[in-house]
Amino acid sequence: MDDGQIVRLYTERSENAIDETYKKYRSLCMTVANNILDSREDSEECVNDAVLAVWNTIPPKRPDSLKAYICKVVRNIAAAKLRYNKRLKRSDEFTVSLSELEEVLPDHRVNRSDSDIAAVIETFLRKQRPLTRKIFVQKYCLCYTQKEIAELYSISIGKVNSILSRVRKKLREHLIKEGIEI
Amino acid sequence: MSGIPEIFRALGNMSDDIYEEALNDLEKGAKHNEELYADNFTTVDITPKNKAPLFIKAACAAAAIIAVFVAVPVIISHFGNIPTTSGTSVSSGTVSSTEENSSTASSDNSSGQEPEKLPPTLDEVVGMSGEDALSALSAFRIGDICGIWKLDGAKQLSGGCGFWWLCGAKAVTVGIDNTSENFSDNKITYVSITNAAAGKNSDALFIDNLSKAADGSLTFGQLKDQIDELDKEHRITAILLTENGAEMLDDELHGKSVRTLEIHFKQNGRLILNILPKEKYCDLNAFDKNDFPSDDAEKTVYYGRYSPDPQHADTEIFCGSRFIIGHGGHSFICETNGDDKMILCGEKNKISVKNVGYIDIDGDGEYEVIISTGKDDPDSGDNLQIYLYKNSERTLYRLSSSDVGRSVLLTDGLSIYVSDSSLQRSHKLTADMFRSETKIEDIYVGIFKKEETLQTAKSDDRFLSAYYVYPNETDRMLSDDEVALLLQNAAAGCDRINAGEDLTKTKELFKKFKELEDEFIKITYPEGIGDVSENELDDWVIAREQPTLFKSMEELYELEKSIYTCYDMDSYEKFAKKFDFLKFENGTLYIKKKMCRYISAFESTSFAPMIPYGNYKWYPDTEVIYFPGITDMKAIFVMQTSRYLSTKYYIGIINIVSDDNGNCRIERSELDFSQTFAYS
């Protein structure tokens with residue numbers, strides 16, 4: 001069943017939407033959640049929360065890509081769980097990722113809303129090469145490891161690190177240029 | 001670093017497509033950790049007790065009510081536009097929110113996240129684009145507003161209003177002005193709330209021209225409460241408001257035994273209140289434009305809904321437009337706007353009109369009408385009058401029982417086929433008429449018979465099942481080429497394709513459909529619903545949805561007998577015989593397996609007759625979803641729809657059979673395959 005059909009099930013409030021979502025995206029969602037939470041149990045809860053959130057938000061939303069939509073929800077819920085429950089452990093990889101991101105834009109320097117910052121970053125990413133853009137999203141949005149990304153594209157981990165390092169530097173420059181105080 | 005950096009959270013606001021391309025590569029790589037999802041997973045249970053969709057809606061509605069009115073801290077927060085449920089714990093099959101989580105979510109709001117969306121007021125809805133309004137309304141109360149349908153301004157309330165009546169829910173229908181082909185550009189013109197209280201067929205609230213009616217102080221909730229209150233006392237069948245509608249519901253109504261209430265607001269804002277008690281209503285033989293005290297009658301919209309009185313409920317008529325029809329069983333009004341005004345009148349106890357529709361034959365805005373008669377005694381002479389309006393000229397036609405079953409030529413190019421009750425909601429038009437239509441939006445498929453008559457059916461009728469015809473023993477399946485040709489002709493009649501175009505495209509669509517078929521059939525339902533083997537047909541199973549409003553067949557009949565009288569089930573005995581696949585034991589509803597899929601139709605308003613085993617499959621669609629002879633499914637067709645949001649085309653599936661005499665019939669259902677492929 002394609003995304004459009006599943007979304008339609010949501011809009012029709014059919015409980016089959018839940019099942020179809022699990023069938024199609026549970027593994028992907030579990031992976032994304034686990035990338036952040038590093039816990040199977042927490043990830044399962046996170047994915048369940050995400051599906052509920054999707055149920056509660058479609059309608060009115062009608063995402064073009066259910067996959068992207070639910071993965072973002074999973075990601076955000078997972079991050080929220082970390083934020084709210086500081087007892088949860090974090091993987092080293094994820095901790096490093098966050099550190100790298102904070103180097104790009106430290107919290108105390110944030111002077112714009114989330115959506116503003118997202119728009120600026122999105123604009124920046126759209127100007128990057130597709131591979132760079134995808135690796136950035138996989139690393140910093142979906143929290144895959146450099147190793148996983150390297151395997152995915154059959155490139156070395158060093159190459160991934162190099163790409164990420166360059167894009168972080170460019171992003172920092174872009175944020176400054178766009179008036180986001182660094 | 002102690003927390004999650006703000007920039008990480010901000011990344012969650014980026015567009016879906018940015019994520020999607022990265023996810024696509026990840027999916028292709030399939031590098032997910034198998035350990036994480038190798039085991040059986042726990043399906044989130046979003047239903048509080050029962051797992052019926054109705055209760056999901058109820059749960060959601062309750063949650064919404066709590067969230068809005070009880071001010072429970074927001075449990076669903078947002079990362080910008082992306083929802084999260086950070087405060088909601090969904091595990092072990094339950095939904096819960098802890099105080100701790102709620103408080104954290106609240107604090108999250110304070111850090112810049114958007115609060116949960118509040119319901120819009122009527123005023124806020126007015127003037128929104130169609131999609132924005134629907135979105136806003138959807139967010140209001142999922143479940144309470146259990147259906148929102150796009151309405152073409154010139155079209156009708158679709159079947160959704162009655163769709164939920166057994167659950168005591170309400171439905172909201174939004175009308176748009178239909179001034180633009182782009183749905184988003186259309187403006188809301190009215191909102192209809194169907195109050196589906198127990199034991200009543202349909203109580204509707206129509207609010208028209210909200211852009212002028214809203215006074216800024218009337219919220220949905222206030223409006224609903226007032227309607228509920230009035231409804232309890234007066235069994236109001238319909239309330240119609242046009243302009244200045246916020247002045248509604250005056251105390252002067254109290255104490256009057258009104259069966260029908262009309263509130264008309266003239267353009268100048270003066271209130272005209274018509275209370276039509278049953279007695280008057282039944283004596284009503286004719287309405288004409290002059291009967292209404294307003295010269296600006298084009299601003300007045302009349303209504304027609306069920307009467308709560310079962311004896312007068314058999315003229316359930318939905319007709320194709322804002323002129324709406326029918327009430328009380330024996331009288332009805334049908335009216336269109338402006339110079340195309342059309343009024344139909346029936347007389348008490350003589351004939352009841354089952355169907356009224358209109359066709360804009362020339363595509364020039366003129367309205368003409370076709371009707372079919374009802375089941376009531378048609379032997380009482382010339383008792384049905386049809387006023388045909390064309391170019392402001394009204395012509396009166398009288399039909400009698402002798403006209404039943406034949407076509408009557410009204411004027412050049414317009415015939416009317418008068419059907420009896422066995423052809424409820426079907427119209428027969430001449431082939432020439434069908435072909436000449438240029439703005440068909442609601443008609444749809446026809447089958448050419450020898451006499452060049454097309455049988456058509458309305459797509460957005462809630463009694464879709466009434467259209468089903470069943471294969472005869474002498475039927476044969478048409479060849480692909482025959483079907484393609486039939487479809488070609490029908491599509492050409494709808495201006496979907498050019499007449500004479502080769503069949504390649506049509507055949508390609510058949511092929512696509514056939515490829516789809518397997519995919520759909522593979523769907524298995526979580527509760528074991530699926531194909532039923534022949535040996536299991538008469539097995540009893542507990543129905544998926546347990547009704548809350550009745551606990552016996554007798555109660556069910558009492559609740560819905562007004563419907564069933566339309567189907568000649570005017571006694572409980574007939575009803576029970578017809579629904580012998582249902583039974584109650586100790587308050588639990590059981591159903592024979594052969595109907596287990598369709599019993600989800602407890603959400604629906606009618607039960608479709610059983611299709612013989614072997615001729616049906618289950619389909620993952622909430623609408624009517626089975627059709628006979630699916631293994632020999634031959635055709636698809638296309639029509640414009642007003643049923644689904646953001647759906648331009650409706651793909652119908654028809655099964656065309658032919659008998660030995662060469663007559664063709666259709667057996668049809670509809671699925672919205674617009675996401676899959678479009679034929680435009």
Side-chain angles (χ1 to χ4, degrees), chain A residues 2 4-5 12-16 18-19 22 26-28 30-31 34 40 45 48-49 51-53 55-57 59-60 63-65 67-69 71-73 75-77 79-80 82-84 98-99 101-102 104-105 107 110 113-115 117-118 122 125 134 137-138 140-142 148 151-152, chain B residues 1 3-23 25-27 29 31-33 36-37 41-44 46 51 53 56-57 60 76 79-80 82-86 88-91 95 101 104 108 112 134-136 138-139 526 620 622 645-646 672 675:
Chain A
D2 65 30
Q5 290 168 315
E12 294 170 351
R13 315 310 293 157
S14 165
E15 59 188 342
N16 288 340
I18 306 293
D19 297 313
Y22 274 110
R26 181 179 178 277
S27 63
L28 180 62
M30 282 292 291
T31 303
N34 197 62
R40 179 194 172 110
E45 187 174 345
N48 285 342
D49 284 356
V51 174
L52 178 64
W55 174 266
N56 284 334
T57 53
D64 292 328
S65 168
K67 174 171 57 183
Y69 185 73
C71 282
K72 284 203 296 186
V73 173
R75 168 198 189 276
N76 293 338
I77 290 176
L82 276 186
R83 188 181 306 116
Y84 297 138
L98 295 182
S99 300
L101 275 178
E102 198 172 31
V104 173
L105 180 59
D107 273 358
V110 173
S113 68
D114 286 350
S115 55
I117 294 171
E122 191 174 323
L125 288 176
K134 287 188 280 193
V137 172
Q138 287 158 357
Y140 296 119
C141 298
L142 302 170
E148 289 168 327
E151 288 176 357
L152 181 65
Chain B
M1 185 188 65
I4 305 293
E6 295 294 331
I7 185 176
F8 181 85
R9 193 172 70 179
L11 291 175
N13 280 335
M14 290 197 302
S15 303
D16 286 359
D17 61 334
I18 294 273
Y19 275 77
E20 188 175 22
E21 64 173 1
L23 286 163
D25 282 4
L26 290 166
E27 267 201 332
K31 299 296 183 184
H32 315 315
N33 185 348
L36 287 173
Y37 52 89
F41 54 83
T42 303
T43 301
V44 57
I46 53 177
K51 293 184 178 180
I56 292 175
K57 296 174 179 66
C60 292
I76 298 178
F79 279 93
I82 306 303
T84 73
T85 55
S86 56
T88 304
S89 170
V90 183
S91 60
V95 180
N101 283 343
T104 53
D108 194 43
L134 295 177
S135 173
S138 297
T622 58
L645 306 183
S646 305
D672 175 17
Q675 299 291 329

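Order of the sequence lines sets the chain letters (A, B, ...), proteins ahead of strands, with each chain counted from 1.
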So among B:Leu26, B:Ile18, B:Asp25, which one has a side-chain contact (heavy atoms from CB on, under 4.5 Å) with A:Lys134? B:Asp25

On a heavy-atom basis, the closest approach of A:Tyr140 and B:Phe8 is O-CE1, 3.2 Å

Do you know the tightest heavy-atom contact between A:Leu142 and B:Ala22? CD1-CB, 4.5 Å

Among residues at least two apart in sequence or on other chains, which ones pass side-chain contact (heavy atoms from CB on, under 4.5 Å) with A:Ala68? A:Ser65, B:Asp16, B:Tyr19, B:Glu20, B:Leu23

